[in-house]
**Student:** 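Pasting a structure here, questions to come.
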Number of protein chains: 2
Amino acid sequence: MTPKLHLHIDERSGVPVYRQMMDQIKYYVAGATLRPGDQIPSIRELAAALAVNPTTVVKAYTELEREGVIEKRHGKGAFIAPEAPSLTQAEQEDALRRSAKQLAVEATQMHVPTPKVITVVREELSALGPVRGDESEPVKFAVMVGGH
Amino acid sequence: MTPKLHLHIDERSGVPVYRQMMDQIKYYVAGATLRPGDQIPSIRELAAALAVNPTTVVKAYTELEREGVIEKRHGKGAFIAPEAPSLTQAEQEDALRRSAKQLAVEATQMHVPTPKVITVVREELSALGPVRGDESEPVKFAVMVGGH
DNA sequence: TCCAGTGTTTGATAACAACCAAACAGGCGG
DNA sequence: CCGCCTGTTTGGTTGTTATCAAACACTGGA
């Protein structure tokens, strides 16, 4: 019902916070960590955890609802929609490739050798990897704020 | 004098355009593709190439000048400053790691296996790699607009 | 019934990003 | 001197992002 989530909000990135929230919830749906019926953090709870204004969360949730990803239920909370449209295979690949490209561009411009890039990517994956595994255990929400 | 540059502006990223321009010029300086004295595209030229408003380029250049990275010379153009402060090793690593982390977060949330991630990164690096090599040849500026 | 938690709504403020138009001014070569 | 390139400056408009404050309304359990 309440899988363990990690929302990484990078304020320095320049990407609107509400968009980062939207994207990552969609990624969780795509990865099936969040499934139809699952409850997600309440507006005030998420706002408090991320130290942002509640209206910012409202914006993200409202937009996600407009896209059919979630449902907001007055007095009850917010949930993954029964027929939440998941990202297609192509869209997932696109999202991944966009980030990979951004990385590649920077690395190329700074003349960072490929092996070094790969190493860093592996390190960052490892740093996040151990988190998943026990998806059955109903845990409280863990929201990560961070950037670096 | 005028090395071949590739500025990748991703409008969908949410990152302000003027900031993307600033960052990437700094990366080129860090990678020594751009060296002190090198001329960079004129405001109007870059604006035209990227199809953005000249004032946006002015903003980026003005800020870069404020940071001591470039010098704008009235009537002549813009150049890398004689003592342009390059990113420290740590700052370069941070920048790279920030992008890598973003990639790792997405991959983890979407449950994309590590080998797949590595493959995509290698592909994107390869797609950009062939570009560099002949840094001696004075070529006209090539500015790439793109995102995906 | 009460109450705590939940989503809903409104209006205002502030800062930022980008666009657009137009004019002004320095550098340089023909 | 003229023309064309260059950066400079101004003023305004538009839309977005995020904050803040306050009140209203639904749900469910004690």
Side-chain angles (χ1 to χ4, degrees), chain A residues 1-2 7 9-25 37-81 140-141 143 145 147, chain B residues 1-2 7 9-25 37-81 140-141 143 145 147:
Chain A
M1 271 306 183
T2 53
L7 295 194
I9 305 299
D10 185 354
E11 311 161 23
R12 295 182 47 195
S13 73
V15 179
V17 174
Y18 85 95
R19 191 151 258 318
Q20 293 184 49
M21 300 190 304
M22 286 179 61
D23 287 341
Q24 294 185 34
I25 288 176
D38 282 350
Q39 184 165 19
I40 61 179
S42 76
I43 290 175
R44 290 178 179 83
E45 181 186 359
L46 186 54
L50 298 180
V52 299
N53 196 283
T55 54
T56 300
V57 182
V58 169
K59 186 170 189 177
Y61 278 17
T62 299
E63 190 62 18
L64 281 172
E65 186 171 45
R66 196 188 62 78
E67 294 182 7
V69 177
I70 71 173
E71 279 182 359
K72 290 179 296 177
R73 299 184 197 145
H74 200 163
K76 304 188 69 175
F79 306 80
I80 303 300
K140 293 190 73 65
F141 262 101
V143 185
V145 192
Chain B
M1 272 304 181
T2 54
L7 294 194
I9 304 300
D10 186 353
E11 311 160 23
R12 296 183 46 195
S13 73
V15 180
V17 173
Y18 83 97
R19 190 152 261 316
Q20 294 184 48
M21 299 189 305
M22 287 179 60
D23 288 342
Q24 294 186 33
I25 287 177
D38 281 350
Q39 183 165 19
I40 60 179
S42 77
I43 291 175
R44 288 179 179 84
E45 180 185 358
L46 186 53
L50 298 179
V52 299
N53 196 284
T55 54
T56 300
V57 182
V58 169
K59 186 171 189 178
Y61 278 17
T62 299
E63 190 63 17
L64 281 172
E65 186 171 46
R66 198 189 61 77
E67 294 182 6
V69 177
I70 72 172
E71 279 183 0
K72 290 179 296 177
R73 300 187 198 141
H74 200 163
K76 303 190 67 175
F79 307 81
I80 302 301
K140 293 193 70 67
F141 263 100
V143 186
V145 192

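Lettering follows sequence order; numbering is per chain, from 1. Since the model is a prediction, treat every value here as computed from it, not as a measurement.
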**Student:** Let me know the distance between CG of B:Asn53 and P of D:dT14, rounded to the nearest Å.
**Tutor:** 15 Å
**Student:** Answer whether the closest heavy-atom distance between the side chains of B:Ser42 and B:Tyr61 falls below 4.5 Å.
**Tutor:** no
**Student:** For B:Thr56 and C:dC19, is the shortest distance between a side-chain N/O and OP1 or OP2 below 4.0 Å?
**Tutor:**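 So the side-chain polar atoms of B:Thr56 do come within 4.0 Å of the phosphate oxygens OP1 or OP2 of C:dC19, strictly under.
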**Student:** End-to-end bend of the helix from C:dT1-D:dA30 to C:dG30-D:dC1 (five-pair axes, 10° rounding)?
**Tutor:**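 Answer rounded to 10°: the end axes differ by 10°.
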**Student:** Rounded to the nearest 0.5 Å, what separation is found between the CD1 atom of A:Ile40 and the CD1 atom of A:Ile25?
**Tutor:**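 Reported to 0.5 Å precision, the distance equals 4.5 Å.
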**Student:** Can you find a heavy atom in the side chain of B:Glu63 that is under 4.5 Å from one in the side chain of B:Val69?
**Tutor:** no
**Student:** Separation of A:Glu63 atom CD from D:dA18 atom P, in whole Å?
**Tutor:**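 For the pair A:Glu63 CD and D:dA18 P, the rounded distance is 13 Å.
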**Student:** Heavy atoms only: give me the nearest B:Thr56-B:Met21 pair and the separation to one decimal.
**Tutor:** O-CE, 3.6 Å
**Student:** Provide the closest heavy-atom pair for A:Thr62 versus A:Lys72 in the form atom of the first, atom of the second, distance.
**Tutor:** OG1-NZ, 3.0 Å
**Student:** Please tabulate the protein-to-nucleotide N/O contacts below 3.5 Å involving nucleotides 13-16 of chain C, giving atom names and distances.
**Tutor:**
none

**Student:** Without decimals, in angstroms, what is the distance between A:Met22 CE and D:dA18 C1'?
**Tutor:**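 Atom CE in A:Met22 sits about 16 Å away from atom C1' in D:dA18.
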**Student:** Between B:Gln39 and B:Lys76, what is the shortest heavy-atom contact and its length?
**Tutor:** NE2-O, 3.3 Å
**Student:** What pair of heavy atoms forms the shortest contact from B:Gly68 to B:Ala81, and how long is it?
**Tutor:**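 Smallest heavy-atom distance, with atoms named: O-CB, 3.2 Å.
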**Student:** Taking the six-membered ring of A:Tyr18, is the NZ or CZ of A:Lys59 close enough (under 6.0 Å from the centre) and on axis enough (within 45°)?
**Tutor:**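 Positive - A:Lys59 is close enough to the ring of A:Tyr18 and near enough to its axis.
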**Student:** For A:Glu71 and C:dT6, what is the distance between atoms CD and C1' respectively, to the nearest whole Å?
**Tutor:** 15 Å
**Student:** Please list each protein N or O that sits under 3.5 Å from an N or O in nucleotides 5-8 of chain D, with the distance.
**Tutor:**
{"from": "D:dT6", "atom 1": "OP1", "to": "B:Ser42", "atom 2": "OG", "distance (Å)": "3.2"}
{"from": "D:dG7", "atom 1": "OP1", "to": "B:Ile43", "atom 2": "N", "distance (Å)": "3.1"}
{"from": "D:dG7", "atom 1": "OP2", "to": "B:Ile43", "atom 2": "N", "distance (Å)": "3.1"}
{"from": "D:dG7", "atom 1": "N7", "to": "B:Arg44", "atom 2": "NH1", "distance (Å)": "2.7"}
{"from": "D:dG7", "atom 1": "O6", "to": "B:Arg44", "atom 2": "NH2", "distance (Å)": "2.7"}
{"from": "D:dG7", "atom 1": "N2", "to": "B:His74", "atom 2": "NE2", "distance (Å)": "3.4"}
{"from": "D:dG7", "atom 1": "N3", "to": "B:His74", "atom 2": "NE2", "distance (Å)": "3.0"}
{"from": "D:dT8", "atom 1": "OP2", "to": "B:Lys72", "atom 2": "NZ", "distance (Å)": "2.9"}

**Student:** Grab the two heavy atoms, one from B:Leu46 and one from B:Pro41, that are nearest each other, plus how far apart they are.
**Tutor:** CB-CB, 4.0 Å
**Student:** Looking only at non-hydrogen atoms, find the nearest pair between A:Ile43 and A:Pro54 and report the distance.
**Tutor:** CG2-O, 3.7 Å
**Student:** What is the distance from CZ of A:Phe79 to C1' of D:dT27, rounded to the nearest Å?
**Tutor:**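 Taking CZ of A:Phe79 and C1' of D:dT27, I get 11 Å after rounding.
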**Student:** Nearest-Å distance, CG (B:Leu50) to P (C:dA18)?
**Tutor:**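 Distance check: B:Leu50 CG to C:dA18 P gives 12 Å.
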**Student:** Enter the distance from B:Asp38:CG to B:Ile80:CD1 here, rounded to the nearest 0.5 Å.
**Tutor:**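 One gets 6.5 Å once the value is rounded to the nearest 0.5 Å.
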